[in-house]
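Shown next, in structure tokens, is the structure this report addresses.
First the proteins, then the strands, lettered A, B, ... as listed; each starts at 1.
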Amino acid sequence: NAGVMQNPRHLVRRRGQEARLRCSPMKGHSHVYWYRQLPEEGLKFMVYLQKENIIDESGMPKERFSAEFPKEGPSILRIQQVVRGDSAAYFCASSPSRNEQFFGPGTRLTVL
Amino acid sequence: GEDVEQSLFLSVREGDSSVINCTYTDSSSTYLYWYKQEPGAGLQLLTYIFSNMDMKQDQRLTVLLNKKDKHLSLRIADTQTGDSAIYFCAENPIDGGSQGNLIFGKGTKLSVKP
């Protein structure tokens with residue numbers, strides 16, 4: 001059983017461009033969480049999704065950020081018009097329930 | 001409010017025991033977790049404890065929970081250089097109405113000297 005997959009592992013964008021981060025959960029996991037880790041910080045919750053539904057987006061910035069988890073395919077975290085402050089590591093976690101979360105390797109976004 | 005606090009650094013000698021401490025504030029938490037993060041990598045789930053337990057042991061790892069003081073600790077016996085990493089404490093306040101999103105501390109950087 002492959003672990004949580006994230007791609008790309010590293011992403012470089014210029015200010016104003018769009019960033020798309022992908023997450024494929026572990027087989028059989030229907031819960032997906034996205035977290036952001038700023039340098040020297042812990043992880044901060046962004047959004048929790050189940051298939052085709054956003055369950056909790058209380059940690060998501062109100063503008064420029066969106067997430068989806070379609071019926072088929074990976075979960076996508078989309079950041080429009082990136083700014084330097086968006087530079088961070090973005091982690092996806094999947095879970096078969098709400099009690100155990102398994103993390104992917106992360107996508108490290110650098111905004112120039 | 002919800003907050004998880006950890007000391008930032010811990011240095012031990014190879015073969016000694018390491019104890020990493022964590023305090024949390026949400027009394028409704030049902031699960032508490034320890035994750036390990038090596039440089040440039042994702043988070044590896046080490047162990048977790050349910051809030052009605054006082055202790056959990058798994059090979060070299062021992063988790064102690066003092067629910068009254070809201071204090072969680074991770075003890076690593078016979079610490080090895082491969083244990084050098086950042087260790088995150090996290091809580092899962094499901095009973096508080098949350099949907100299972102984890103609240104993390106800032107992490108404790110464990111350095112193991114040969």
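Taking a 6.0 Å sphere around CZ of B:F50, one finds it holds more than 12 heavy atoms contributed by other residues, nucleotides or ligands. Surrounding CD of A:E41 are more than 12 heavy atoms belonging to other residues, nucleotides or ligands, all under 6.0 Å away. Within a 6.0 Å radius of CZ in B:R60, more than 12 heavy atoms belonging to other residues, nucleotides or ligands are found. The local environment of NZ in A:K51 is crowded, with over 12 non-hydrogen atoms from other residues, nucleotides or ligands closer than 6.0 Å.
For the options B:G105, B:G107, B:A41, heavy-atom pairs under 4.5 Å to chain A are most numerous at B:A41. For the set B:K109, B:K106, B:Q6, the entry with the most heavy-atom pairs within less than 4.5 Å of chain A is B:K106.
Aromatic rings of B:F104 and A:F45 (six-membered ring for Trp) have centroids beyond the 6.0 Å cut-off, not under it.
For the atom pair B:L43 CG and A:Y35 OH, the distance stands at 10.0 Å (nearest 0.5 Å). Distance CG/A:L43 to CD/B:Q37: 7.0 Å, rounded to 0.5 Å. Annotation: the span from A:S95 atom OG to B:N101 atom CG amounts to 12.0 Å, rounded to 0.5 Å. Between A:E100 atom CD and B:Y33 atom OH the span is 7.0 Å, to the nearest 0.5 Å.
Residues A:L11 and A:F103 do not share a hydrophobic cluster, defined by chaining ILVMFWY side chains whose heavy atoms lie under 4.5 Å apart. Hydrophobic clustering of Ile, Leu, Val, Met, Phe, Trp and Tyr side chains at less than 4.5 Å, counting indirect connections, unites A:F69 with A:I54. Placement of B:I20 and B:L64 in two distinct hydrophobic clusters is found when ILVMFWY residues are connected by side-chain heavy-atom separations under 4.5 Å, directly or transitively. Neither A:L77 nor A:I55 shares a network with the other; the hydrophobic side chains, linked directly or stepwise wherever heavy atoms of I, L, V, M, F, W or Y lie under 4.5 Å apart, form separate groups for each.
Contact annotation for A:Q6: neither backbone nor side-chain heavy atoms come within less than 4.5 Å of a heavy atom of chain B. With a threshold of 4.5 angstrom between heavy atoms, B:Q44 does not approach chain A through any atom at all. Of the two parts of B:Y35, only the side chain, counted from C-beta on, holds a non-hydrogen atom closer than 4.5 Å to a non-hydrogen atom of chain A. In this structure, chain A has a heavy atom under 4.5 Å from the side chain of B:L45, while its backbone stays farther away.
Taking 4.5 Å as the limit, every side-chain heavy atom of A:Q101 sits out of range of all side-chain heavy atoms of B:Y31.
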